[in-house]
There are 2 protein chains.
Amino acid sequence: MEFPSELIEEAVKEISKLPGIGKKTALRLALHLLKEKEAATQSLTESLLRLRKDTQYCGTCHVISHTTDCTCRTINRDVSVICVVVDTPDLLAIRSTGQYQGMFHVLGGVISPIEGIGPEDLHIQSLVDRIQAANGEVKEVILALSATMEGDTTCFYLSRKLEGTGVKISTIARGIPVGGELEYADEVTLGRSIVTRTNYSSGSL
Amino acid sequence: MEFPSELIEEAVKEISKLPGIGKKTALRLALHLLKEKEAATQSLTESLLRLRKDTQYCGTCHVISHTTDCTCRTINRDVSVICVVVDTPDLLAIRSTGQYQGMFHVLGGVISPIEGIGPEDLHIQSLVDRIQAANGEVKEVILALSATMEGDTTCFYLSRKLEGTGVKISTIARGIPVGGELEYADEVTLGRSIVTRTNYSSGSL
């Protein structure tokens, strides 16, 4: 693509580094900023820099928080359950369901030998420490990881690590999505939904 | 949507001001920046600020250029034709066709009474001055504006303004898109394509 100026080319290069933004979109965004007042670009860039600089992570649950009163310390949540998630988007997704009032623990990734991510790169030990520190207060750990090979590997590793702590370990249910048609479900999911069938009660549906 | 921190909320607010970017995408981008090294955010913001601050517009053709040697002054283009476009994206689109080697003139908008944009807000006078300054060198002005009411109004106004200069005024052809099916074309376009029919020659197709 031919750019009207090197400044735009450079900006497009930078913008298109963002996920899901190609050269064309990047160019549209760059030209939009040129149309807008300089103040608009100013406030955008300032907020991005502030975000990157000032964002902190809770030392206990590793959830993003710019203050110290993180969800893991607020008393209005159920402290007996910890939901283990890979990253913030998953946390937000689960929180937005309104079905979970317990605490969270962000791993920061999944065990992936291909990408060279081992258990020591994740917040696994801190989870164990956290549970032990709560001396018996934590009753259950819900593993809410993706149903991928890496996710399952991480689940397996976590279950082994947590054996000693005596907490109940559960994973989110794998099965037919709500509203999903049986005939279109893949056999692995369908098979799993039969193996992990639950007792029927009108409430459970 | 519930955000993990005010910093993210603020960043999302700023990012989602960009065209075609909603709150969800903005959040994904913000979390991406948090994942990346701080240097990434730095270079992104710097390039955006540089773009906004240092970008200049050619005083003659109003095309974006961070230097003074703008396309309108480069001798390797046909100086006898000026293509009038609304804004940079249109210019880039026409340039990328490779079918046009002449010069450009960016209006900066279209006449739109509803949005309170009058002829004096556009680079119309400077077009007239430019043609007169070229004393007879400019032979043709191509009006490449969108086929909207505002576009047509602007075309009409321009044609009136340019009457005195004695240049030939043409507009880009309206008709059936290449590869388009007649039966699916709207009657206005089809009608126009009949009225403005061109003499057949294998080259014209």
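Chain naming here is simple, since letters A, B, ... match the order of the sequence lines and numbering starts at 1 in each. What you see is a predicted model; the values in this text were computed from it and never measured.
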Rounded to the nearest 0.5 Å, how far apart are [atom1] of [X] and [atom2] of [Y]?
X: A:L92; Y: B:L27; atom1: CG; atom2: CG; result: 6.0 Å
X: A:I8; Y: B:T55; atom1: CD1; atom2: OG1; result: 5.5 Å
X: A:T88; Y: B:R28; atom1: OG1; atom2: CZ; result: 14.5 Å
X: B:L18; Y: A:L29; atom1: CG; atom2: CG; result: 5.5 Å
X: B:L51; Y: A:S5; atom1: CG; atom2: OG; result: 7.0 Å

Practice task
With sequence neighbours excluded, tell me which residues meet salt bridge (charged side-chain N to carboxylate O under 4.0 Å, His left out) with B:K17.
Solution key: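 Scan of B:K17 (salt bridge (charged side-chain N to carboxylate O under 4.0 Å, His left out), adjacent residues dropped) gives B:E14.
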
Handout entry: Residues in residues 37-50 of chain A that sit under 4.5 Å from chain B, counting heavy atoms only
Key = A:K37, A:E38, A:A40, A:T41, A:Q42, A:S43, A:L44, A:T45, A:S47, A:L48, A:L49, A:R50

Problem - Interface moiety of A:L31 toward chain B, non-hydrogen atoms closer than 4.5 Å - result: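 For A:L31, side-chain heavy atoms alone lie under 4.5 Å from chain B.
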
Handout entry: Sequence neighbours excluded, every pair satisfying side-chain hydrogen bond (donor to acceptor under 3.5 Å, both in side chains) that has a member inside residues 160-170 of chain B
Key = B:Q125-B:K161, B:E140-B:S170

Problem - Inter-chain contacts: residues 141-155 of chain B against chain A, heavy atoms under 4.5 Å - result: none

